[in-house]
Amino acid sequence: MNSLIVVLGPTGVGKSDISIQLAKHFHSEIISADSRQFFRELSIGTAVPSSEDQNAVPHHFIQTKSIHDYYNVSEYETDALQLIDQLFQQINPLILTGGSMLYVDTVCKGIDDIPTVHQLVRDDVINWYEKNGLDALRQRLLAIDPEYYSIVDLNNPKRLLHAVEIHQMTGKPFTSFRKNTIKERPFRILKIGINQDRKVLYERINQRVDRMVEAGLVAEAESVYPHRKLNSLNTVGYKELFSYLDGDCSLEEAVDLIKRNSRKYARKQLTWFRRDQDITWFEPDQIQEIINYTEQKLKENV
RNA sequence: GGUGCCAUAGCUCAGUUGGUAGAGCAAUGGACUGAAAAUCCAUGUGUCCCUGGUUCAAAUCCAGGUGGCACCA
């Protein structure tokens, strides 16, 4: 059976370097599971792999979309599985790497078939919500889907909105689509987690943000500033600089905020990964151990 | 050297006429099914600078000390 090596961990820990070394070792290719490296207009702030790295090892799903494109996890699931299937014809193992937790999980476990919400419906429901408020939104959900109402986080407007959108579009309750079924994959999954001492990680993140600013992050943010309302730009490293460009804060404050939000993101990623018992954890400098472990596991597989 | 102000959570600071303390930020934990780098929830014990005094009771009042800042010599 073919194997997918999944390299995951918090932002800034060094997943890319390790993935590249693994790819070189196994003569493999890298599939990105990073929901912000999809966008070709963004490169500094999303830390896309350098062109040397991309020349050394083929990468997939890096800067293949525009910030103007609509893209979501489900489409990514389809695209990624199709590509994986195709690459396995020639290459084994393959490497999946990225910090977007939901995207990684979607490749590993799948996601339910839920219709994609039409933009008009979305706008309509959001307008209704803005006019009527959170409490009315809750009541509306209770009326159409009491089952979901009883389990959803009632403080989280995005969750409520989506369930209402689905109902408005299909006439069926959101729970009739949301089954939480785990899809079996026709390949083996080996999860390698990379983590390190929290203080060291935070220091690395802070330094990486400084390097991004030196490399021209502000100019990059300026170049997409006119489109700042796009969801693809609701992104750490850009939204803070938009505030600066608006004149709402100093550059120094914006940069500090990028560091802080990047640290929060790293923490959130670790929270997500912590509950996944299938991950075997390593430190970033344990590349040899990771290779040994992986080879061992791949052998067991045969 | 003198005078005044200040000393409370990792940081910036609140704290009423005395009843052993709480905000913001930082930090931490959690949730997560088509917006996910998104969105949402939760968590505050700290020699109240030190020593002594007054008091049933002191972060609070008094004295002395230490440190910081400002002004005057």
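It should be emphasised that the depicted structure is a prediction, and the values quoted were computed from it without experimental measurement. Convention: sequence-line order gives letters A, B, ...; per-chain numbering from 1.
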A:Ser74 side chain reached by A:Thr116 side chain, heavy atoms, under 4.5 Å: no
Span that lies between the C1' atom of B:A9 and that of B:C25, in whole angstrom: 12 Å
Any-strand Watson-Crick or G-U partner of B:A36, both distances under 3.5 Å: none
Base partner of B:G1, which must satisfy Watson-Crick or wobble distances under 3.5 Å: B:C72
Nucleotide B:A35, atom C1' - distance to OH of A:Tyr103 in whole Å: 8 Å
Span that lies between the P atom of B:U28 and that of B:A70, in whole angstrom: 35 Å
Nucleotide opposite B:A42 in a Watson-Crick or G-U pair, distances under 3.5 Å: B:U28
Interatomic distance, A:Leu134 CG vs B:C40 P [rounded to whole Å]: 10 Å
Under the side-chain hydrogen bond (donor to acceptor under 3.5 Å, both in side chains) test, residues paired with A:Glu295 that sit two or more places apart: A:His25
Value in whole Å for how far the P atom of B:U39 lies from NZ of A:Lys264: 11 Å
Nearest-angstrom distance, P atom, B:C6 to B:A58: 22 Å
Between B:U51 and B:U47 - P atom distance, rounded Å: 14 Å
Anti versus syn assignment for B:G68, with syn defined as within 90° of 0: anti
Min side-chain heavy-atom separation A:Phe242-A:Val224 under 4.5 Å: yes
Complementary nucleotide for B:A14 - Watson-Crick or wobble, under 3.5 Å: none
Mate of B:U66 where both pairing distances stay under 3.5 Å, Watson-Crick or G-U: B:A7
Per A:Asn231 side chain, nearest of listed nucleotides B:A35, B:U28, B:A27: B:A35
Closest to the A:Asn155 side chain, choosing from B:U28, B:G34, B:C41: B:C41
Same-atom distance (P) from B:C69 to B:G64, integer angstrom: 22 Å
For A:Arg211, all residues meeting salt bridge (charged side-chain N to carboxylate O under 4.0 Å, His left out), sequence neighbours excluded: none
Side-chain heavy-atom pair A:Ile5, A:Leu96 within 4.5 angstrom cut-off: no
Distance below 4.0 Å between A:Arg198 side-chain N/O and B:A27 OP1 or OP2: no
Selected nucleotide, minimal atom distance to A:Arg267 side chain, candidates B:G29, B:U39, B:C32: B:G29
Separation of B:A35 P from A:His68 NE2 (nearest whole Å): 19 Å
Euclidean distance for C1', B:U20 against B:C61 (whole angstrom): 16 Å
Closest to side chain of A:Tyr202, choosing from B:G34, B:A27, B:U39: B:A27
Distance test, side-chain N/O of A:Arg178 to OP1/OP2 of B:G34, below 4.0 Å: no
Distance in angstrom units between A:Tyr148 OH and B:C32 C1', rounded: 9 Å
Separation of atom CZ in A:Arg122 from atom P in B:U39, rounded to whole Å: 14 Å
Residue A:Val73, side-chain atoms from C-beta onward, closest of B:A36, B:G34, B:A27: B:G34
Base-pairing mate for B:A59 - Watson-Crick or G-U, with both contacts under 3.5 Å: none
Selected nucleotide, minimal atom distance to A:His162 side chain, candidates B:G34, B:G29, B:U39: B:G34
Minimum-distance nucleotide to A:Asn156 side chain [options: B:A35, B:U39, B:G34]: B:U39
Atom pair distance, as rounded to whole Å: CZ in A:Phe177 and C1' in B:G34: 12 Å
Whole-angstrom distance between B:G1 and B:U45, as gauged at atom P: 42 Å
A:Arg159 CZ - B:C40 P separation (whole Å): 10 Å
Validation row: A:Asn231, A:Tyr71 side chains within 4.5 angstrom (heavy atoms): no
Plane angle bin for A:Tyr76 and A:Tyr103 - parallel if under 30°, tilted between 30 and 60°, otherwise perpendicular: tilted
